[in-house]
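Letters A, B, ... are given to chains in the order of the sequence lines, protein chains preceding strands, and every chain is numbered from 1.
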2 protein chains.
Amino acid sequence: MPEHPSPWQNHILAALPAAAQERLLPHLTPVPMPLGKVIYEAGDNLEYVYFPTDCIVSLLYVMENGASAEISVVGKEGMVGIAVFMGGGSTPSRAMIQSGGSAYRLPGQRLRDEFNHQDASMRMLMLRYTQALITQMAQTAVCNRHHTIDQQLCRWILLSLDRLPDNRLSMTQELIANMLGVRREGVTEAAGKLQKLGVIEYHRGHITVLDRPAMERLSCECYAVVKKETDRLQSPLPPEATVPARPLNSLSR
Amino acid sequence: MPEHPSPWQNHILAALPAAAQERLLPHLTPVPMPLGKVIYEAGDNLEYVYFPTDCIVSLLYVMENGASAEISVVGKEGMVGIAVFMGGGSTPSRAMIQSGGSAYRLPGQRLRDEFNHQDASMRMLMLRYTQALITQMAQTAVCNRHHTIDQQLCRWILLSLDRLPDNRLSMTQELIANMLGVRREGVTEAAGKLQKLGVIEYHRGHITVLDRPAMERLSCECYAVVKKETDRLQSPLPPEATVPARPLNSLSR
DNA sequence: TACAATGTGTGTGGTAGCGCACATACCGAA
DNA sequence: TTCGGTATGTGCGCTACCACACACATTGTA
């Protein structure tokens, strides 16, 4: 069995035309993504970007007093390090691995080359993914303002679930609390309710979702908005509003 | 006196090299931007983008139950309608004029043409501006989670002030409450405190900032983070991390 | 000058989430 | 088997904010 998953498990890499895949492949390095590792710190100059295959990375802001809040989450549908092609080279937020697995690493300059390549496929994919990321951030802001911990917990678990292979996730309540920017006790209480309802089952850092439809009902609208917009922006045939008219090849592999 | 301000009052247009300015000028139409007007609704397909010269536009999300929250704010430093070049063509949020004035309108296709032009200036400017916008959204999320209404009001007024010519803004407390996603009474109370401290003075929809340094002290860190990052991303000479090495001409006029 | 519309001040009770202090349960290592 | 670290449960007082209700003041208009 292979030590690393195929790079084409990442949706962006998979959606590239064969020629672009061939250009990138020699520069893609598989890297382990252990839980808790900080990929980059706020203000760091980004040397590499990462394409997750089966891990989840959280982008979170850490305040001066140590309190934190998750801005958005990245899994196999996206990439970590958009500041590399956006031009800033760094961001005020931290990228931390929230669920272990592996990813493919690409030097920043290679990404910029491909971004500016005559074949605009990579550019289109990156920009559309960035818009999905923006939607997620915007919805996080709304959710933080208006929704209860119970609703937010549901949203958060669902977003994670969409990026994982099965219905189980390994996360302590403490960690979840850091992501949501709330007290651990608040998560304990919310999770207790969900368990009592038979929607989830958890046990020392391991959560199993038993009734996903119920979960979606209990979540706020934010999850659905983000999911719908992400799907729209990553549908294989982009709408005519897209920059160049040249269609993408359907993925090779 | 001219009926419309010069397009070069907009920082993005001003930062373009002369050749790019000449390409765009014939397609830039001055448009009035009256307070309260909705530039585009959530889900609308964007026909035009707007470059404010002296108005402020709020991007805000309106929930199913009618509650709202501001995602970010755009003034003469930026543009409205990034979804046009990001590829989505629409967003789940609304763009509404928060402070009246005027702007220059550009057809979406013209923007895409310039975005993909061999001269990458426009592309660089747009991408860097987008990153600044992302920073603002992320910080809004953090602020909504952790800070009090008093702090957020300071942040919000400062962000608006940076986009206006003087130290006065015309906004009712009701409007501000909608932007911050809180009750009007909450804003009344916070504004009352600021007035008592002699930091601001207001009178039926007109706020005058008397002591800006105090305002900055009373604000949360979020304002400073956004300001610093925005300045960094829009400094005239981008750092080497930027996509193409070709330098921008320093702005004409 | 009357009047309605608009903008602001204030009070009362209710609740979600906080900070803190512990208690308890589980699990792996010595 | 004991023990110490880790994960979770629970209670208590506190505060910021909410929802609602209503008073009052300013402004433009008839």
_Full working for salt bridge (charged side-chain N to carboxylate O under 4.0 Å, His left out) between B:Glu174 and B:Arg184_ = CA-CA 5 Å; B:Glu174 175 85 42; B:Arg184 192 225 77 215; 5.3 Å; no

*Which is it for B:Asp162 and B:Arg212 under the salt bridge (charged side-chain N to carboxylate O under 4.0 Å, His left out) test, yes or no, and what are the steps along the way?*
CA-CA 11 Å; B:Asp162 287 345; B:Arg212 184 174 167 133; 2.9 Å; yes

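Between the CG atom of B:Asn144 and the P atom of D:dA16 there is a distance of 18 Å, given to the nearest Å. For the pair A:Glu189 CD and D:dC12 C1', the computed distance is 13 Å after rounding to whole Å. Between the CG atom of A:Asn178 and the P atom of D:dA7 there is a distance of 12 Å, given to the nearest Å. D:dT8 atom C1' lies 15 Å from atom CD of A:Glu201, rounded to whole Å. Between the C1' atom of D:dG9 and the NZ atom of A:Lys193 lies a distance of 15 Å, rounded to the nearest Å.
With a 6.0 Å cutoff to the six-membered ring centre and a 45° limit on the axis angle, B:Arg105 counts as a cation-pi contact of B:Tyr48.
With sequence neighbours excluded, no residue forms a salt bridge (charged side-chain N to carboxylate O under 4.0 Å, His left out) with A:Asp54.
B:Gly186 comes within contact range of no nucleotide atom at all, as no heavy-atom separation falls under 4.0 Å.
Reading DNA chain C from its 5' end, the first and the last nucleotide to sit under 4.0 Å from a heavy atom of chain A are C:dG17 to C:dC27.
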*For nucleotides 19-28 of chain D, just jot down a letter per nucleotide in 5' to 3' order: B, S or -, based on protein non-hydrogen atoms under 4.0 Å.*
BBB---BBS-

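The side-chain hydrogen bond (donor to acceptor under 3.5 Å, both in side chains) test with A:Asp231 singles out one residue from A:Lys227, A:Gln234, A:Lys228, and that residue is A:Lys227.
An OP1 or OP2 oxygen of D:dG9 is reached within less than 4.0 angstrom by a side-chain nitrogen or oxygen of A:Gln173.
A heavy-atom distance below 4.5 Å is not found between the side chains of A:Tyr40 and A:Arg94.
Comparing A:Met171 and A:Arg145 along DNA chain D, the residue whose closest nucleotide (by nearest heavy atom) sits nearer the 5' end is A:Met171.
Judged by distance alone, the side chains of A:Arg183 and A:Gln173 never bring a donor and an acceptor atom under 3.5 Å apart. For B:Gln98 and B:Ser58, the side-chain atoms include at least one donor-acceptor pair closer than 3.5 Å.
By the 6.0 Å contact criterion, CD on A:Glu189 is open, its count of non-hydrogen atoms from other residues, nucleotides or ligands being 12 or less.
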